[in-house]
Amino acid sequence: MKGQPNFWTAAMTNIYHESTKHSYWSVRSNPNYLDWSKQPVPFKIYPTTNPFMPLDMNTPLHAFIYRIGGINAKKVYPGVEYYLRTIPSAGALYPVEIYFQSRGVDGLEDGIYHFSVAENGLRFLYPLHEDEGIEIFFEKKRQIKGFIFLFSTIYYRSSWKYKNRAFRYCLLDTGHALGALEASSFLFERAYYILYNFDKEALNEAFGFENWEFFLSSAVVGIPMEKEAKSFDMKLPFVDGTRTFEQNSVIEDAYKETLYLKNCKANFRFPKFPFEPKRLEEAVMQRRSIRDFEGKCIKKEQFEFILSWMRSPIPSDCDEKVDIWYVVNRVDGLQPGLYKNSELVKEGDFHKKAGYLCLEQALGSQSAVTFFLISHGENYQPLYQKAGLIGHRCYIASEYLGIGCSGIGAYYDDEVREFLQTDDMVLYALAIGI
């Protein structure tokens with residue numbers, strides 16, 4: 001990783017976050033009108049000159065890759081079709097792209113690939129020659145036998161609708177993709193760990209992203225070898241991944257200003273998976289975002305299962321602390337009230353307050369539990385992606401138990417903090433229930 005530039009300060013993280021907060025008045029004074037003529041496409045497709053390999057769901061290797069972000073449903077409305085994937089996305093805009101390096105993997109030539117979601121297959125971008133590899137952009141340059149996944153965001157897919165606040169959603173969506181990789185790794189008995197600290201700028205250039213796309217994180221699903229990678233000469237041409245594009249300097253500056261990590265604490269403890277594989281497979285494939293709840297109770301044991309999985313360790317090289325606050329509305333055997341990390345902070349019926357804080361969405365008030373993920377971490381990109389991964393765990397564990405879940409990226413930031421009596425950043429809200 002390149003050295004931290006001297007202009008970095010912790011305050012720069014807050015400049016972006018503070019400038020993109022929602023309030024009761026900001027939502028009403030700045031209505032968001034969409035220009036449908038500029039709607040971006042949700043898929044990046046490389047030219048047919050790049051060799052193509054369709055994914056075969058009867059091949060375990062292919063099924064492992066597919067579950068990280070493949071299409072698993074289609075919704076058709078008059079004049080429009082929506083393709084849903086194994087990961088949720090704010091507004092179903094899917095700004096995340098998935099690439100990987102394969103080395104020593106049976107069934108794949110050593111090289112760089114793009115997961116072409118629209119085509120349900122892999123585009124081969126570059127063959128690895130002797131000693132080449134993207135490992136040179138990481139702190140430890142040892143060659144990885146297996147996979148190095150790279151997660152990027154094409155931010156205009158999200159900023160077209162959500163404007164400056166879209167960078168938050170790009171990070172959360174990438175965290176969900178990391179969570180999908182985690183679940184798929186368990187299903188196919190592969191170990192994984194997340195790396196945030198690598199030379200993203202150099203890789204952005206090597207992949208020909210220009211200013212339309214940039215890398216946010218990586219995940220290793222493989223084994224380090226003794227030999228180091230020594231060169232990597234790939235220079236890919238630019239490929240349009242949106243059809244339309246409008247530059248957003250606020251988002252591009254936020255990316256650059258939060259790119260260099262500081263005082264990272266590695267945590268490579270692996271979680272103990274509490275799932276039965278077949279049921280988990282069904283949860284991964286059937287997961288959806290719930291749009292309304294019936295206001296029924298869930299069992300205390302169910303809630304504790306979900307919360308325990310959300311709080312399990314996440315192996316990464318930059319583990320930021322994320323506190324899990326939640327409002328219990330309808331859980332049999334659990335006192336209604338506000339909790340923090342399993343401790344009751346304040347008794348009471350706060351279901352109307354939770355709904356109001358979530359931009360007055362009924363999801364927050366009709367839920368059994370409404371979560372708020374909070375942090376005072378200084379490494380913005382890792383902590384936001386961790387919040388997305390925790391959110392994905394909430395989705396999967398809820399679906400596993402037959403409980404609905406919905407992520408909520410929009411809330412009244414300062415009023416949430418006032419309610420919780422904290423100065424920390426609000427990263428994500430989620431609601432679960434029946």
Side-chain angles (χ1 to χ4, degrees), residues 1 64-65 67-69 86-87 96 98-103 105 134-135 137-152 171-200 215-225 261-275 277 280 284 305-324 341 373 375 377-397 400 427-428:
M1 185 71 185
F64 161 68
I65 296 170
R67 279 154 181 76
I68 301 172
T86 58
I87 51 175
V96 179
I98 302 171
Y99 305 82
F100 63 85
Q101 175 181 285
S102 173
R103 187 193 299 278
V105 176
I134 60 174
E135 293 93 342
F137 300 110
F138 291 76
E139 184 177 1
K140 295 181 180 179
K141 306 184 187 306
R142 293 166 61 185
Q143 294 182 13
I144 298 296
K145 182 179 180 181
F147 295 102
I148 302 176
F149 284 90
L150 297 169
F151 296 89
S152 72
L171 291 166
L172 289 173
D173 281 7
T174 307
H176 277 286
L178 291 169
L181 178 140
E182 175 182 67
S184 191
S185 295
F186 169 71
L187 285 171
F188 292 91
E189 299 181 334
R190 296 172 180 267
Y192 82 99
Y193 56 90
I194 299 166
L195 296 177
Y196 298 108
N197 194 19
F198 58 98
D199 195 341
K200 301 179 184 72
F215 283 117
L216 292 172
S217 56
S218 67
V220 174
V221 183
I223 302 171
M225 299 188 292
L261 307 183
K262 182 179 181 182
N263 300 326
C264 278
K265 295 180 180 178
N267 176 10
F268 289 111
R269 291 186 300 137
F270 287 87
K272 182 178 180 181
F273 285 80
F275 305 103
L280 177 60
V284 167
F305 179 92
I306 295 167
L307 180 62
S308 175
W309 180 231
M310 292 171 69
R311 297 183 63 187
S312 295
I314 298 170
S316 83
D317 64 347
C318 193
D319 187 44
E320 291 283 359
K321 183 181 179 183
V322 175
D323 289 315
I324 302 177
N341 298 333
L373 306 186
S375 179
E378 57 185 334
N379 291 299
Y380 195 75
Q381 293 187 26
L383 73 88
Y384 239 98
Q385 290 176 82
K386 180 178 180 179
L389 197 159
I390 292 171
H392 198 77
R393 287 179 167 185
C394 185
Y395 265 99
I396 294 299
Y400 183 84
L427 307 175
Y428 204 6

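Nothing fancy with the numbering, it's 1 onward along the sequence. The structure presented is a predicted model; accordingly, all values stated were derived computationally and were not measured.
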Can D323 and L373 be said to form a side-chain contact (heavy atoms from CB on, under 4.5 Å), step by step?
-> CA-CA 6 Å; D323 289 315; L373 306 186; over 6 Å; no
Just by distance, do the side chain of N267 and the backbone of S316 share a donor-acceptor pair under 3.5 Å?
-> no
Here the gap from L150 atom CG to F100 atom CZ, rounded to the nearest 0.5 Å, amounts to 10.5 Å
Distance-only side-chain donor-acceptor flag, E320 / S375, under 3.5 Å = no
When every non-hydrogen atom of C264 is compared with those of N379, the smallest separation belongs to SG-ND2, 3.8 Å
Going through the distances and angles, do F137 and F215 end up as a side-chain contact (heavy atoms from CB on, under 4.5 Å)?
-> CA-CA 12 Å; F137 300 110; F215 283 117; over 6 Å; no
Minimal non-hydrogen separation, P271 against P315, with atom names = CD-CD, 4.0 Å
Could you tell me how the ring of F273 sits relative to the ring of F186: parallel (under 30°), tilted (30 to 60°) or perpendicular (over 60°)?
-> parallel
Test side-chain contact (heavy atoms from CB on, under 4.5 Å) on I68 and T86 and set out the steps.
-> CA-CA 7 Å; I68 301 172; T86 58; 5.9 Å; no
Rounded to the nearest 0.5 Å, what's the gap from CG on D199 to CD on E139? Could you check?
-> 12.0 Å
Closest approach of A177 to I87 (non-hydrogen atoms, all atoms of both residues) = CA-CG2, 3.8 Å
Which atom names give the shortest non-hydrogen contact between F151 and T174, and what distance separates them?
-> CB-CG2, 3.7 Å
Residues that D319 engages under salt bridge (charged side-chain N to carboxylate O under 4.0 Å, His left out), provided they are two or more places apart = K386
Kindly check if the number of other-residue, nucleotide or ligand heavy atoms within 6.0 Å of CZ (R269) is above 12?
-> no
Going through the distances and angles, do V220 and Y192 end up as a side-chain contact (heavy atoms from CB on, under 4.5 Å)?
-> CA-CA 6 Å; V220 174; Y192 82 99; over 6 Å; no
Checking D317 side chain against N197 main chain: does a donor-acceptor pair fall under 3.5 Å?
-> yes
Do the two ring centres, one from F275 and one from F305, sit under 6.0 Å apart?
-> yes
Roughly how far, to the nearest 0.5 Å, is the CD atom of Q385 from the CG atom of L178?
-> 6.0 Å
Shortest non-hydrogen contact from S185 toward V221 | OG-CG2, 4.2 Å
Should the ring pair F138 and F198 be called parallel, tilted or perpendicular, given that the plane angle runs from 0 to 90° and is split at 30 and 60?
-> parallel
Measuring from S184:OG to F149:CZ, what's the distance to the nearest 0.5 Å?
-> 8.0 Å
Check whether any side-chain heavy atom of V322 lies under 4.5 Å from a side-chain heavy atom of Y428, and answer yes or no.
-> no
Sub-4.5 Å side-chain heavy-atom contact between C394 and I390 | no
Inter-residue atom distance Q101.CD - S218.OG, 0.5 Å rounding = 11.0 Å
Is the backbone of I144 close enough, under 3.5 Å, to the side chain of E135 for a donor and an acceptor to pair up by distance?
-> yes
Would a distance-only check, ignoring hydrogens and angles, find a side-chain to backbone donor-acceptor pair under 3.5 Å from R393 to S312?
-> yes
Got a second to check how far I134's CD1 is from R103's CZ, nearest 0.5 Å?
-> 9.0 Å
Check whether any side-chain heavy atom of L181 sits under 4.5 Å from a side-chain heavy atom of I98, and report yes or no.
-> no
